[in-house]
Amino acid sequence: GQFVWPVTVFPREGLYHSPRPAEAMAVTFALSQLRLVIAQPPGVRPPGSILVERVASPDKYNPLTGLLWTVALSGPRGTLLAEIDGRAAYRVVAANARELPPLRGATSSTVSRLEQRSASLSEIARWPGMSIERASRILNALYLCGTLLVSRAHPAATAPSDSTTPS
């Protein structure tokens, strides 16, 4: 559309800089149509940089997990990332889950279940409030935030196309 959302990512610091936080952008705009317009060298530096004149106001820096989470849940990709696709079982690394943004509804219960046990994509998609797309988005978000354990050898590991129906 007519809007450009400038974002500078600082992965080492676990931060991003933007005039607006990702959560506000998700409410205001359709992130499903998000696309990269241009990639440039950063115009700002992270907090603590020796180039203090290029460090922006502290309120313009936000945790990177918030951006990754928001884009994974609301962005244009509705399928699993290639890195975690295929025959797999998924589980949340509970120690890292406290870094996630606040969770609500079916997302919260899905993450809680995955803290307790491993499950395949097809199984997660059958949980209350889930679908293949929603489960894929949540798994992508967990992976990007560093809280997802992907097992290819776990007994629950199945390919996304496997249609396992409960008996």
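Note: hydrogens, waters and symmetry copies are ignored here, and every other heavy atom, side chains too, is used.
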Chemist: To the nearest 0.5 Å, tell me how far Ser136 OG sits from Asp85 CG.
Modeler: 8.0 Å

Chemist: Ignoring hydrogens and geometry, is there a side-chain-to-backbone donor-acceptor pair from Thr107 to Leu103 under 3.5 Å?
Modeler: no

Chemist: Return the CD to CG distance between Glu83 and Leu144, rounded to the nearest 0.5 Å.
Modeler: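 One finds 8.5 Å between CD of Glu83 and CG of Leu144.
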
Chemist: Is any side-chain heavy atom of Tyr90 closer than 4.5 Å to a side-chain heavy atom of Val150?
Modeler: yes

Chemist: Determine, stepwise, if the pair Arg113 / Glu123 fulfils salt bridge (charged side-chain N to carboxylate O under 4.0 Å, His left out).
Modeler: CA-CA 11 Å; Arg113 278 180 151 179; Glu123 181 181 353; over 6 Å; no

Chemist: Can you confirm whether Thr65 sits close enough to Leu100 that some side-chain heavy atom of one is under 4.5 Å from a side-chain heavy atom of the other?
Modeler: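 Thr65 does not reach Leu100 side chain to side chain.
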
Chemist: Same cluster for Ile132 and Trp127 if Ile/Leu/Val/Met/Phe/Trp/Tyr side chains link at under 4.5 Å?
Modeler: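 In one cluster with Ile132: Trp127, yes.
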
Chemist: Shared ILVMFWY cluster between Phe10 and Val71, side chains joined below 4.5 angstrom?
Modeler: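 Not linked; separate clusters.
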
Chemist: Looking only at heavy atoms, which two atoms of Met130 and Ile138 are closest? And how far apart?
Modeler: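 Minimum heavy-atom contact is CE-CD1, 3.5 Å.
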
Chemist: Testing the basics here: between Gly86 and Arg152, what is the closest heavy-atom pair and its distance to 0.1 Å?
Modeler: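 Gly86 and Arg152 have their closest heavy atoms at C-NH1, 3.9 Å.
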
Chemist: I want to check something: taking the side chain as every heavy atom from C-beta on, are Arg137 and Glu133 in contact at a cut-off of under 4.5 Å?
Modeler: yes

Chemist: Any carboxylate oxygen within less than 4.0 angstrom of a Lys/Arg side-chain nitrogen, looking at Glu13 and Arg45?
Modeler: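 Salt bridge absent between Glu13 and Arg45.
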
Chemist: Give a yes or no on whether the backbone of Ala119 and the side-chain of Arg91 come within a donor-acceptor separation of less than 3.5 Å.
Modeler: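 No, the answer is negative, given that no donor and acceptor are paired below the 3.5 Å cut-off.
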
Chemist: Minimum heavy-atom separation for Cys145 and Leu68, please, with both atom names.
Modeler: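 Residues Cys145 and Leu68, closest heavy atoms: SG-CB, 4.2 Å.
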
Chemist: Counting only heavy atoms not in Leu51 (residues, nucleotides, ligands), do more than 12 fall under 6.0 Å from its CG?
Modeler: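 Atom CG in Leu51 is packed in, count exceeds 12.
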
Chemist: Quick one: closest heavy-atom pair of Tyr16 and Leu64, and the distance?
Modeler: CD2-CA, 4.0 Å

Chemist: Of the non-hydrogen atoms in Asn140 and Thr79, which two are nearest, and what is the gap between them?
Modeler: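 Shortest heavy-atom contact: ND2-O, 2.8 Å.
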
Chemist: Got a donor-acceptor contact below 3.5 angstrom from the Arg54 side chain to the Pro42 backbone?
Modeler: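 Confirmed, Arg54 side chain pairs with Pro42 backbone.
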
Chemist: One pair to check against side chain to side chain contact (heavy atoms under 4.5 Å, CB included): Leu149 and Val92. What are the steps and the verdict?
Modeler: CA-CA 6 Å; Leu149 177 66; Val92 168; over 6 Å; no

Chemist: Donor-acceptor check, side chain of Arg134 to backbone of Gly129, threshold 3.5 angstrom: yes or no?
Modeler: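 Pair found, side chain donor or acceptor close to backbone of Gly129.
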
Chemist: Please report the closest heavy-atom contact between Leu142 and Leu114, naming both atoms and the distance.
Modeler: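 Scanning both residues completely, I find the closest heavy atoms to be CD1-CD1, 4.2 Å.
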
Chemist: So if you build clusters from Ile, Leu, Val, Met, Phe, Trp, Tyr with side-chain heavy-atom gaps below 4.5 Å, do Ile84 and Leu73 land together?
Modeler: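 Yes, Ile84 and Leu73 fall within the same hydrophobic cluster.
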
Chemist: To the nearest 0.5 Å, what is the distance between NE2 (His154) and CZ (Arg117)?
Modeler: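 These two atoms lie 9.0 Å from each other.
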
Chemist: With the side chain counted from C-beta on, respond yes when Asn62 and Leu15 share a heavy-atom pair under 4.5 Å apart, and no when they do not.
Modeler: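 Sidechains of Leu15 and Asn62: no contact.
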
Chemist: Is there a path of hydrophobic side-chain contacts, each under 4.5 Å between heavy atoms, that joins Tyr61 and Leu67?
Modeler: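 No, it is not one cluster - the side chains of Tyr61 and Leu67 are not joined through contacts under 4.5 Å.
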
Chemist: Side-chain contact, heavy-atom cut-off 4.5 Å: Ser118 with Ser151?
Modeler: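 No, their side chains stay 4.5 Å or more apart.
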
Chemist: Between the main-chain N or O of Ala157 and the side-chain N or O of Ser120, is there a donor-acceptor pair closer than 3.5 Å?
Modeler: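 Checking the backbone N and O of Ala157 against the side chain of Ser120, no donor-acceptor pair under 3.5 Å is found.
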
Chemist: Within a 6.0 Å radius of atom CZ on Arg12, are there more than 12 heavy atoms belonging to other residues, nucleotides or ligands?
Modeler: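 No - once you tally the heavy atoms of other residues, nucleotides and ligands closer than 6.0 Å, there are 12 at most.
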
Chemist: Using a 4.5 Å cut-off on heavy atoms from C-beta on, say whether the side chain of Trp5 contacts that of Ser18.
Modeler: yes

